[in-house]
Amino acid sequence: MALSRVCWARAALWGSAVTPGSIVTRRLQLGRSGLAWGALRSSKLHLSPKADMKSLISYVVTKTKAINGKYHRFLGRHFPRFYILYTIFMKGLQMFWADAKKARRIKTNMWKHNVKFHQLPYREMEHLRQFRQDVTKCLFLGIISIPPFANYLVFLLMYLFPRQLLIKHFWTPKQQIDFLDIYHALRKQSHSEIISYLESVIPFVSDAGLQWHLTELCNKIQNGTHPAVQDILALRECFRNHPLGINQLQALQLKALSRAMLLTPHLPPPWLRRRLKTHTTVIHQLDRALAKLGIGQLTAQEVKSACYLRGLNSTHIAEDRCRTWLGEWLQISCSMKETELSLLLHNVVLLSTNYLGTRR
C-alpha cells in the first residue's frame, strides 16, 4: 500500500509539471525541426542534373590531368629519349590540328564572302599554301596506314625517315636546321645546270642588246658576283617568248627548275610545265600581297620562311640580311607581268646563288 501511494504521488507531481499544452508544443517543435533537417538534407544530397554533370566532368578532368602528369613523369625518368620524341609528336599533332582549324575558317570565310585566293591577305594566303603542302605530304602516311596493324609500320617509318615522311611540326629544332640544309643542297645541285642552259640559248635570242645583257648576267653569276636588280629586270622581254618563255622551255630545263623549286622532276614534261606555272603564279600572288602588307610587318621567322620558299637558304643568314634580300625579290616580282613569270621562276637561281657568299 505504501509503495502504491508513493507511485501515485510521483505521477501526480509529474502530471502537474507537464501540461497537455506543453506536450503538444514540444511535438510541434520536434516536427518542424525534423522537416527543416529533412529539407536541408535533401538540398545537399539531391543536386540538380546539371550540377551533377558539371561536378562529374570536373572530377574526370582533374583525375585525367593527374594521371597524365604521372605518366609524363614516368616516361621522363625511365625513357628520356622516347619522352622527347613523344613530346614533339604530341605538340606536332596539336599544331597540325590548329592549322587545320585555321585553314577551315579561312576557307569558310572565302566561301561566305566570295573571295578568291589571290584576294586574301598575305598571312592567310601563306597559311593555305603551307597547309596544302603539309596535307599532301601526310597523304602517303594516311594511305599506307589503312590496312590492319599497318600503324606499327607507319610509326617505324616515321622514326627512320622523318625528313621524307613528316612535316616540320614533328621535327626537333636541330632537325629543322639540318633538314632545311639538306633540301637546299638538293636544289643547289641544279643551279649550274640552269645557268648552263641560259648560256646555251644566248645565240637564239633575236635582240643583240638582250644577248649582251644575258651574257653579262651569266658571267657575273659564274664568277661569284651577286647581280643587281636592274641586271635581272633588263631581261624581262627575253623571258616572254622564245627561247626562254615558260611554254618554250625544254624538258631538261623543266626538270632542273623543278628540282630548284623542290618539286619532283619525275613527271612528263607537260605536267612539269603545268606544276611550275601553278607554283610560280602562287609565289607571284604572295609577293603582291606581301608588298601591300610590308616586309617590316613580318616576324623574323616569317621573313626566313619567305626567303627559303623563294630559293635562299635563310637558316644561316641574319634577319636584316634576309629582309634586304626579300626586298630585292619583291622589287623584281612586283615589276613583272603574268607573261614574264619564266623570269621569276629563274630568279630563284639568279638572285640566290651568290648572295652573301652562299655559293659553296
Side-chain angles (χ1 to χ4, degrees), residues 184-281 283-284 287 309-313 325 328-360:
H184 185 70
L186 292 174
R187 63 185 180 185
K188 275 180 61 178
Q189 294 176 359
S190 62
H191 285 191
S192 59
E193 184 178 349
I194 293 173
I195 299 300
S196 298
Y197 180 84
L198 293 179
E199 285 186 316
S200 66
V201 300
I202 291 177
F204 300 98
V205 178
S206 58
D207 188 89
L210 291 177
Q211 286 185 356
W212 182 85
H213 281 296
L214 185 56
T215 303
E216 286 294 313
L217 180 62
C218 293
N219 290 336
K220 281 185 177 181
I221 294 176
Q222 290 177 338
N223 293 331
T225 303
H226 179 65
V229 172
Q230 297 303 323
D231 294 335
I232 298 176
L233 288 178
L235 297 169
R236 291 168 57 183
E237 185 179 351
C238 189
F239 284 83
R240 290 176 186 169
N241 299 305
H242 182 80
L244 293 175
I246 196 167
N247 292 324
Q248 287 77 33
L249 295 176
Q250 300 296 321
L252 292 178
Q253 185 73 341
L254 292 174
K255 292 179 180 294
L257 289 170
S258 296
R259 292 194 298 270
M261 301 294 285
L262 295 178
L263 301 174
T264 177
H266 308 294
L267 291 173
W271 289 13
L272 293 177
R273 197 185 313 275
R274 182 179 178 182
R275 291 194 68 189
L276 288 173
K277 282 183 179 180
T278 302
H279 199 73
T280 310
T281 301
I283 292 179
H284 193 226
D287 292 340
L309 173 66
R310 292 157 177 82
L312 182 69
N313 187 13
W325 185 89
E328 294 180 0
W329 175 281
L330 291 183
Q331 187 177 351
I332 295 173
S333 178
C334 294
S335 301
M336 293 182 184
K337 301 177 182 179
E338 293 184 0
T339 56
E340 301 165 348
L341 290 182
S342 179
L343 178 56
L344 187 65
L345 181 59
H346 286 80
N347 200 40
V348 173
V349 178
L350 300 176
L351 198 64
S352 65
T353 301
N354 298 323
Y355 186 67
L356 293 179
T358 54
R359 181 179 183 180
R360 293 188 182 93

Engineer: Distance only, no hydrogens: is a donor on one side chain within 3.5 Å (strictly under) of an acceptor on the other, for Glu328 and His226?
Structural biologist: yes

Engineer: Regarding Trp329 and Asp287, do their side chains bring together a donor and an acceptor under 3.5 Å, going by distance alone?
Structural biologist: yes

Engineer: How long is the straight-line distance from CG of Leu345 back to NE2 of His279, given to the nearest 0.5 Å?
Structural biologist: 9.0 Å

Engineer: How many angstroms lie between NZ in Lys220 and CG in Asn354, if you round to the nearest 0.5 Å?
Structural biologist: 11.5 Å

Engineer: Going by atom types only, do His284 and Glu340 share a side-chain donor-acceptor pair under 3.5 Å?
Structural biologist: no

Engineer: Show the nearest heavy-atom pair for residues Val349 and Ala260, with the distance to one decimal.
Structural biologist: CG2-CB, 4.3 Å

Engineer: Less than 4.5 Å apart, any side-chain heavy atom of Lys277 and any of Glu338?
Structural biologist: no

Engineer: What closest approach, in Å, do Pro203 and Ser200 show between heavy atoms, and which atom pair accounts for it?
Structural biologist: CD-O, 3.5 Å

Engineer: Given 3.5 Å as the limit, does a donor-acceptor pair link the side chain of Arg275 with the main chain of Leu267, or not?
Structural biologist: no

Engineer: Could you report the tightest heavy-atom contact between Met261 and Val348, atom names first, then the distance?
Structural biologist: SD-CG2, 3.4 Å

Engineer: Got His346 and Leu257 here, is their nearest side-chain heavy-atom distance under 4.5 Å?
Structural biologist: yes

Engineer: Just how far is it from atom CG of Leu198 to atom CG of Leu235, taken to the nearest 0.5 Å?
Structural biologist: 9.0 Å

Engineer: I need the Leu214 CG to Cys218 SG distance, nearest 0.5 Å.
Structural biologist: 4.5 Å

Engineer: Taking the side chain as every heavy atom from C-beta outward, state whether Leu350 and Asn347 have any pair of such atoms under 4.5 Å apart.
Structural biologist: yes

Engineer: Quick one: closest heavy-atom pair of Ser190 and Ala256, and the distance?
Structural biologist: OG-O, 3.3 Å

Engineer: Can you check whether Ile246's main-chain N or O pairs, donor with acceptor, with Arg273's side chain at less than 3.5 Å?
Structural biologist: yes

Engineer: Are the side chains of Gln222 and Glu199 in touch, meaning some heavy atoms are under 4.5 Å apart?
Structural biologist: yes

Engineer: Of His266, Lys255, Gln253, which is the lone residue that meets side chain to side chain contact (heavy atoms under 4.5 Å, CB included) with Leu272?
Structural biologist: Lys255

Engineer: Quick one: CD on Gln250 to OH on Tyr197, what's the gap to the nearest 0.5 Å?
Structural biologist: 4.5 Å

Engineer: Side-chain contact, heavy-atom cut-off 4.5 Å: Met336 with Leu341?
Structural biologist: no

Engineer: At their closest point, which heavy atom of Pro227 faces which heavy atom of Leu217, and how far apart are they?
Structural biologist: CB-CD1, 3.6 Å

Engineer: Are more than 12 heavy atoms from other residues, nucleotides or ligands located less than 6.0 Å from atom CD of Gln211?
Structural biologist: yes

Engineer: Quick check: does any side chain N or O of Asp207 sit under 3.5 Å from a backbone N or O of Gly209, one acting as donor and the other as acceptor?
Structural biologist: yes

Engineer: Does the pair Leu351 and Arg310 meet the rule for a side-chain contact (heavy atoms from CB on, under 4.5 Å), with working shown?
Structural biologist: CA-CA 9 Å; Leu351 198 64; Arg310 292 157 177 82; over 6 Å; no

Engineer: Rounded to the nearest 0.5 Å, what's the gap from CD1 on Ile232 to NE2 on His213? Could you check?
Structural biologist: 13.0 Å

Engineer: Please identify which of these residues, Ile195, Ile194, Asp231, meets the side chain to side chain contact (heavy atoms under 4.5 Å, CB included) condition with Ile221.
Structural biologist: Ile195

